Amino acid sequence: MSALSVSPLRFALSKGRIFDDTLPLLEAAGLVPSEHPSESRKLRIPSADGRVEFLIVRASDVPTYVQYGGADLGVVGKDVLNEHGGEGVLEPLDLGIARCKLMVAGPVDAAELPQRPRVATKFPKSARAHFAAAGRQVELVKLYGSMELAPLVGLADLIVDVVDTGSTLRANGLEPIEMIAPISARLIVNRPAMKVRHAELSAVISELAAACQLPESTQESSQTES
Ligand code: AMP
């Protein structure tokens, strides 16, 4: 066996919601992190059995780590994966966790929208594709967070953001207008790694598929649907 094939698989995860929701699936698959990232400053955390090494990265960086082989596999929200574009990664599993919706939202009782409304979003690619498909002209403004604030201060007429219960929207005087796409977390795998380390990666995919009790997707890659 070569040195490469005995090194642990690198598994990119982001702290917070994705980590917390993925943890029960990892545990069911026998891949238990030896430390919790919220209790550690380490960015590389081995699994208790040494089979994988978890890399703690920003949610929006997970597809990039997997695309370039910095990680062999990772878990990422479909919202983030659509923005990335899915280049160089396979998307073998919808884990069915971290479910939410990518939505257009705006102020409750808003006056009529201008001809070319300004739309604030962290997801410009998905937003552009959505409005273009509907033949609607918009001006997109990229923000990195607190999107709900933008219409309240006149920075934007609308927002495109992920919404779960809608309580953050309501708390800020906004309401959902239309859904762009349902979102859930996906397992993604580096394309070359899937060839070179096929047996190990297939085992992890099967274990996680069993853990979330879903049939393995036959989907070949994460071509975006937005
Ligand atoms: P965050 O931890 O907030 O960066 O979110 C990480 C991922 O969790 C996002 O990319 C989404 O796929 C998903 N997500 C974001 N907001 C929600 C939400 N309100 N409910 C469920 N999942 C969410």
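Here the structure is a predicted model, which is why all the values come from computation and not from measurement. Start at 1 and go down the list; that is how both ligands and their atoms are numbered.
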Participant: I need the contact residues for ligand 1: any residue with a non-hydrogen atom closer than 4.0 Å to the ligand, ordered by chain then number.
Facilitator: Arg17, Ile18, Gly77, Asp79, Val80, Ala98, Arg99, Cys100, Val162, Asp164, Ile183
Participant: Do side-chain atoms of Ser14 reach the backbone of Ile18 as a donor and acceptor pair under 3.5 angstrom?
Facilitator: no
Participant: Give the minimum heavy-atom separation between Leu26 and Phe54, together with the two atoms involved.
Facilitator: CD1-CE2, 3.8 Å
Participant: Distance only, no hydrogens: is a donor on one side chain within 3.5 Å (strictly under) of an acceptor on the other, for Arg170 and Thr168?
Facilitator: no
Participant: Run the salt-bridge test on Glu83 and Lys122 with the 4.0 Å N-O cut-off and return the result as yes or no.
Facilitator: no
Participant: Evaluate Val104 against His130 for side-chain contact (heavy atoms from CB on, under 4.5 Å), listing each step before the verdict.
Facilitator: CA-CA 10 Å; Val104 182; His130 172 74; 4.0 Å; yes
Participant: Not counting sequence neighbours, list each pair that qualifies as a side-chain hydrogen bond (donor to acceptor under 3.5 Å, both in side chains) and has a residue in residues 140-151.
Facilitator: none
